[in-house]
Amino acid sequence: MVSAVQRPRLVVGNWKMNGSRSGNAALLAGLKAAAPFPAQVAVCPPLLYLPEVAAALHGSGIHWGAQDCSSHAPGAFTGEAAASMLAEFGCRYVIVGHSERRALHGESDQLVAEKAAAALNEGLTPIVCVGETLDERESGQTDAVVERQLNAAIDELGTSISQIVLAYEPVWAIGTGKTASPAEAQAVHARLRAQLGAAADGISILYGGSVKADNAAALFGQPDIDGGLIGGASLNAEQFAAICRAAR
Ligand code: PGA
C-alpha cells in the first residue's frame with residue numbers, strides 16, 4: 001500500500017490594508033514569542049511595511065510575503081510592484097487573485113494566472129485564490145466558478161502548477177463571520193485537488209474565510225484542507241498563534 005503524501009501545512013496571515021509601524025511591531029513580537037509552530041507560518045503585510053516586517057522576522061522561522069504583485073517585469077507600470085522586488089525583500093509567498101483584487105480591481109482569471117507565473121519566475125510561491133460569491137453558490141455555480149478560475153492557472157503554468165499554493169476562499173465567508181462548514185469546504189477542496197491531476201499530491205490547498213481560533217481545528221482536520229489564509233484573525237497575535245497551532 002502506498003502511504004499518503006504529507007503535504008506541507010501552511011497558515012498565512014493576510015493583513016490586507018491594516019497595520020501601523022508600532023502596531024506591527026507589537027503583533028510580530030507576540031507572534032515570535034508564540035513560535036515555533038507545527039505548521040509553516042507566514043504573514044503578508046501591506047507592501048510599505050515589508051522591509052520592517054522582514055527585518056523583524058528574520059531568523060524567526062516565520063516567513064513573509066506580499067498581497068499582490070504585477071504580472072510584468074519592472075518598467076512603466078505606475079503604482080505596481082514587480083515580483084523581482086518582492087524577492088529582493090526575502091518574500092517567500094505572494095497572494096494573487098484575492099477576491100478583493102478580483103472584485104475591486106477588476107482582475108481577470110487570466111491576469112491572476114499571469115501574476116502567478118511572474119511570481120514563480122522570481123522564485124516566489126504564488127498563493128492563488130479562488131472562490132465563489134454568494135449568488136454563485138446559491139445558483140449552484142460553485143464548482144463551475146472555481147474550476148474556471150483554477151483552469152486559467154493550470155493553462156498558464158503548465159507543469160509549474162505543482163509549485164503553487166492554492167487557496168479556496170468563498171467570497172461570502174470573507175470577513176463576514178460566516179464560515180463554510182468543514183464538510184462544505186472539504187467538498188470543494190476535494191474537487192480542486194482532483195482538477196489538479198498528477199500535481200495534486202504535493203500542492204497545499206488552504207481554506208480562507210472567517211477562520212478563527214475556535215473553528216480552525218475542525219477545518220484543518222479535513223483530509224484536503226492543508227492550512228488557512230487568515231484575514232481578520234491574523235491581526236491579533238494570540239488568535240493567529242492559536243490558528244497556527246491548529247494546523248498540524
Ligand atoms: P477573513 O479574510 O479571515 O477576515 O474572513 C480571509 C481573507 O480574505 O483572506
Side-chain angles (χ1 to χ4, degrees), residues 9-19 23-24 27 31 37 39-47 49-50 53 62-69 91-107 112 115-116 119 125-134 136-137 142 145-146 149-150 153 164-182 184-185 188-189 192 204-220 222 225-247:
R9 300 275 160 179
L10 173 64
V11 180
V12 178
N14 172 13
W15 292 3
K16 308 193 179 185
M17 198 174 74
N18 292 293
N24 300 345
L27 174 55
L31 209 51
F37 300 106
Q40 290 187 43
V41 171
V43 297
C44 297
L47 195 58
Y49 296 132
L50 259 177
V53 168
I62 299 169
H63 301 285
W64 56 93
Q67 299 173 10
D68 183 33
C69 71
C91 287
R92 173 167 295 209
Y93 301 100
V94 56
I95 299 167
V96 297
H98 188 279
S99 64
E100 286 150 17
R101 301 287 321 169
R102 292 178 187 265
L104 304 174
H105 299 269
E107 295 196 3
V112 172
K115 289 182 172 198
T125 298
I127 301 172
V128 179
C129 301
V130 300
E132 81 287 1
T133 63
L134 187 57
E136 289 164 344
R137 172 160 283 257
T142 299
V145 168
V146 299
Q149 292 171 331
L150 177 55
I164 73 164
V165 166
L166 186 59
Y168 169 56
E169 296 205 306
V171 179
W172 49 271
I174 294 176
T176 58
K178 287 186 204 151
T179 326
S181 70
E184 280 173 329
V188 177
H189 280 234
L192 291 169
S204 297
I205 308 181
L206 312 184
Y207 170 79
S210 296
V211 178
K212 308 287 178 216
D214 59 5
N215 61 22
L219 286 159
F220 299 165
Q222 299 298 309
I225 301 182
D226 305 311
L229 182 52
I230 319 300
S234 73
L235 300 174
N236 177 294
E238 215 173 294
Q239 272 266 341
F240 188 58
I243 294 169
C244 295
R245 280 193 292 269

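These numbers come from the heavy atoms of this one structure, side chains and all, not from hydrogens, waters or symmetry mates. We number each residue from 1, following the sequence as shown. Just follow the structure's listing: the first ligand is 1, and inside any ligand the first atom is 1.
Listed for the Gln67 side chain is a donor-acceptor partner under 3.5 Å among the backbone atoms of Cys44. The closest donor-acceptor contact from the side chain of Ser210 to the backbone of Ala173 lies under 3.5 Å. Between the side chain of Asn14 and the backbone N or O of Gly231 there is no donor-acceptor pair closer than 3.5 Å. A donor-acceptor pair is defined here as one N or O able to donate and one able to accept, closer than 3.5 Å; such a pair exists between the side chain of Arg102 and the backbone of Cys129.
For Arg137, the salt bridge (charged side-chain N to carboxylate O under 4.0 Å, His left out) partners two or more places apart in sequence, or in a different chain, are Glu132, Glu184. For Tyr168, the ring pair (Phe, Tyr, Trp, His ring centres under 6.0 Å) partners at least two apart in sequence or on another chain are His189.
For ligand 1, none of its N or O atoms has an N or O atom of Gly209 under 3.5 Å away. For ligand 1, none of its N or O atoms has an N or O atom of Lys212 under 3.5 Å away. The shortest N/O to N/O separation between Gly175 and ligand 1 falls below 3.5 Å. Where the criterion is an N or O separation shorter than 3.5 Å, residue side chain and backbone included, His98 meets it with respect to ligand 1.
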side-chain hydrogen bond (donor to acceptor under 3.5 Å, both in side chains) between Glu169 and His98, intermediate numbers included:
CA-CA 8 Å; Glu169 296 205 306; His98 188 279; 3.3 Å; yes

Determine whether Val188 and Tyr207 satisfy the following criterion, side-chain contact (heavy atoms from CB on, under 4.5 Å), listing intermediate values before the conclusion.
CA-CA 10 Å; Val188 177; Tyr207 170 79; over 6 Å; no

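Of all protein heavy atoms, the one lying nearest to atom 3 (O) of ligand 1 is Gly231 N, 2.9 Å.
Atoms of ligand 1 found under 4.0 Å from any heavy atom of Lys16 (numbered from 1 in listed order, with element): 2 (O), 7 (C), 8 (O). Atoms of ligand 1 lying under 4.0 Å from at least one heavy atom of Gly232, given by number and element, are 1 (P), 3 (O), 4 (O). For ligand 1, the atoms sitting less than 4.0 Å from at least one non-hydrogen atom of Ala173 are 5 (O), numbered in the order shown with element in parentheses. Residue Glu169 approaches ligand 1 through these ligand atoms, each under 4.0 Å from one of its heavy atoms: 6 (C), 7 (C), 8 (O), 9 (O).
Judged by the shortest distance from any of its heavy atoms, Ser210 lies inside the 4.0 Å radius around the atoms of ligand 1. Within the structure, the closest approach of Ala167 to ligand 1 does not fall below 4.0 Å when heavy atoms are considered.
Of the heavy atoms in Asn14, only side-chain atoms (C-beta onward) come closer than 4.0 Å to ligand 1.
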